[in-house]
Amino acid sequence: MDIAIMAALLGAAICMGLGSLSNGAGIGYVVTGALRSWARQPSFSPALFRLMLVGQAGASTPSIFALVVALILVIKMASPEGAAADSWAQAAAFLSSGLCLGFGSLGSGIGCGLVGCDAVEAVGRNPRQSGKIMLYMLVGQAWSQTPNILALVIGLMMVFGSFGGVTGIETVSMVGRLLAVGICMGIGAIGPAVGIGLVGAKFCRALADTPGHGDGLLRNTFFVGAAVAESTTVYAFVIALLLLFGS
Amino acid sequence: METDPVVIKELGVQLVKAAALIGAGICMGFGAIGPGVGEGFAAGKACEGIARRPEEYANLFRTMLVGQAVSESTGIYSLVIALILIFMKG
């Protein structure tokens, strides 16, 4: 019975499919912002094009995380020692890590795209602030990726953890435990990532409209607001760790 | 094949445990979506408001924090329920 191989392949497919689902939309947002900006400032187009490419690169990192985990799952199953570790608990761990990274990349893909879109549009509104806006665009995108990074940590723990030793009737609760970890961390990362993206987007736009307060009042509001929005993904991370390392 | 009543009882215990743990995962996972989006929305609008009227910073910032705290409450309910499920039945 090759249940672990089937679960790993299914997990890899879910991981990469969901991971690129929202990323496509997010990268598209950046282009819409760049086009609107271009129409407003045609003379500034080379700099806008560069900024659009940077924003798109930043917005595509969530799907790269999903790609890494999907590749690890496929490569691990192709190796002989991977195929030898065949049990229901191991299968649940592989499927769960795919769920974790797949759902975990959904929110960050959208969030990073929102930040990139408004940042490129903000440069069109106020080209003199382009350096500062690009800096805070990257900060906002990195921050929007933190829930995804927490999901990556949990996912890698499950991919490289060894759960083959669980046998007998204990397997039933172990399978439930491992699936719960992936669902909790994966879905828990969606909302905060979108929320942080919304804050970062409005902050970039505010930088263009009111540059005088960019480094003071506005930055405080951005940092505090994004930190509060992040809190629920930290709860999900704590619950996922409790589930993973509980008895 | 004759089924042993002890095995059936043990299987029931394991199933309850698995269901409670999956319940905790679903509870915290979905419970984190709403507060995350809501708090981000509030903070984004606060940035917009402060950019428009920087002299109202103190009021806007306080209102943002109160709104976010209220929005956070449902996330904390999910956390409490997930902890109860893990430690009572897990």
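To find a chain, count down the sequence lines: A is the first, B the second, and so on, and within it residues start at 1.
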Task: Verdict with supporting geometry, L79(B) and V238(A), side-chain contact (heavy atoms from CB on, under 4.5 Å) - done: CA-CA 9 Å; L79(B) 178 70; V238(A) 169; 5.7 Å; no
- [ ] Start with the C-alpha distance between V228(A) and M64(B), add both sets of side-chain angles, then the distance that settles side-chain contact (heavy atoms from CB on, under 4.5 Å), and finish with yes or no.
- [x] CA-CA 10 Å; V228(A) 175; M64(B) 177 192 87; over 6 Å; no
TODO: Report the C-alpha distance between Q14(B) and M174(A) in whole Å, list the side-chain angles of each, state the deciding distance to 0.1 Å, and finish with yes or no for side-chain contact (heavy atoms from CB on, under 4.5 Å).
DONE: CA-CA 9 Å; Q14(B) 290 285 324; M174(A) 197 62 194; over 6 Å; no
TODO: Go through the steps for L217(A) and F61(B) under the test side-chain contact (heavy atoms from CB on, under 4.5 Å), then give the verdict.
DONE: CA-CA 9 Å; L217(A) 308 181; F61(B) 192 75; over 6 Å; no
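Most heavy-atom pairs under 4.5 Å with chain A, from the set C27(B), A43(B), A51(B): that is A51(B). For the options V224(A), L198(A), T221(A), heavy-atom pairs under 4.5 Å to chain B are most numerous at T221(A).
Across K202(A) and G44(B), no two heavy atoms sit closer than the pair CB-O, 3.2 Å. For the residue pair A229(A) and G40(B), the shortest heavy atom distance occurs at CB-N, 3.9 Å. The shortest heavy-atom contact between A82(B) and I239(A) is CB-CD1, 3.8 Å. Between M28(B) and A236(A), the shortest heavy-atom distance links the atoms CG-CA, 3.7 Å. Taking both residues in full, the closest heavy atoms of P192(A) and A32(B) are given as CD-O, 3.6 Å, listed atom of the first, atom of the second, then distance.
Using a 4.5 Å cut-off between heavy atoms, V7(B) touches chain A through backbone and side chain atoms alike. Looking at F41(B), both its backbone and its side chain come within 4.5 Å of chain A, counting heavy atoms on both sides. Only the side chain of L65(B) comes within contact range of chain A, with at least one heavy atom under 4.5 Å from a heavy atom of that chain.
Between I33(B) and T232(A), the closest side-chain pair of non-hydrogen atoms is not below 4.5 Å. No side-chain heavy atom of E39(B) sits less than 4.5 Å from a side-chain heavy atom of E230(A).
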